[in-house]
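Taking it in order: structure first as structure tokens, then the write-up.
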Amino acid sequence: MQTLIEKAVQGDVEAFLELMDRNSLAMYKVARAILNNDDDVADAIQNTILNCYEKLHTLKKHKYFKTWLVRILINECNGILQHYRREHLPGEIPEITRQDPSFAEFEFKEMLNLIDEKYRLILVFYYLEGFKIPEIAGLLELNKNTVKTRLARAREQLRSAYLKE
């Protein structure tokens, strides 16, 4: 992976495309945890890829590529949310559903909808992407103890929601 990143930084377009391909599912999961519909998720991912391509030369440490990529994605998602907040009253963000989601995608979305929004992203980072608590704290600009607390509360919300069903 490091070699691929080095090639991409040196301007190898094929290496960059391979990096984006390898990280596409991770980007989708993170964006979907923040945003409410797939069109916005697609926009955030597209903008992230473009920003990464344009700013890849600014990456200081290659081993933090994925963290750098996810941070750009989070900023893109937050920009989309800010756009909606300016145009709509709170709670009125329209949701556009796709016609034929796969079972796994449907199950993933349902799981995320069971918990409060501020806990979703932490669950995605911790369980699906394998980030450690200090890395999550850095990405979300939170204290490590706050991340631990939110992770515990998210687990409890999931447990409670599943026991109700």
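This one's a predicted model, so the numbers in the text were calculated from it and none came from an experiment. By convention here, the first residue in the shown sequence is residue 1.
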Fill in: Nearest atoms (heavy-atom pairs only) where Lys55 meets Trp68
O-CZ2, 3.4 Å

Worksheet item: Where is the tightest heavy-atom contact between Ala31 and Ile45, given as atom of each residue plus distance?
Response: CB-CG1, 4.5 Å

Discussion item. Between Cys77 and Leu81, is there a side-chain heavy-atom distance shorter than 4.5 Å?
Written reply: no

Discussion item. Contact between Ile5 and Tyr64 at the side-chain level, heavy atoms closer than 4.5 Å - yes or no?
Written reply: no

Discussion item. If you compare all heavy atoms of Phe131 against all heavy atoms of Tyr126, which two are closest, and at what distance to 0.1 Å?
Written reply: O-CD1, 3.6 Å

Worksheet entry | Closest approach of Leu73 to Met27 (non-hydrogen atoms, all atoms of both residues) | CD2-O, 3.3 Å

Taking distance alone, no hydrogens or angles, what donor-acceptor pairs closer than 3.5 Å link side-chain atoms of residues 133-150 to residues at least two apart or in another chain?
unit_1 : atom_1 : unit_2 : atom_2 : d
Glu135 : OE1    : Lys132 : N      : 2.8
Asn143 : OD1    : Asn145 : N      : 2.6
Thr149 : OG1    : Asn145 : O      : 2.9

Item to complete: Using a 4.5 Å cut-off on heavy atoms from C-beta on, say whether the side chain of Arg22 contacts that of Glu18.
Response: yes

Practice prompt. Please list all pairs passing the ring pair (Phe, Tyr, Trp, His ring centres under 6.0 Å) test where one or both residues lie in residues 34-63, with sequence neighbours left out.
Written response: Phe16-Tyr53

Worksheet item: Hey, are the side chains of Leu35 and Asp43 touching, using non-hydrogen atoms and a 4.5 Å cut-off?
Response: no

Worksheet item: In terms of heavy-atom contacts, does CZ of Arg153 have more than 12 from other residues, nucleotides or ligands at under 6.0 Å?
Response: no

Worksheet item: Would you say the side chain of Ile80 lies within less than 4.5 Å of the side chain of Glu76, judging by non-hydrogen atoms?
Response: no

Worksheet item: Which residues satisfy the ring-ring contact (aromatic ring centres under 6.0 Å, His included) test with Tyr119, sequence neighbours excluded?
Response: none

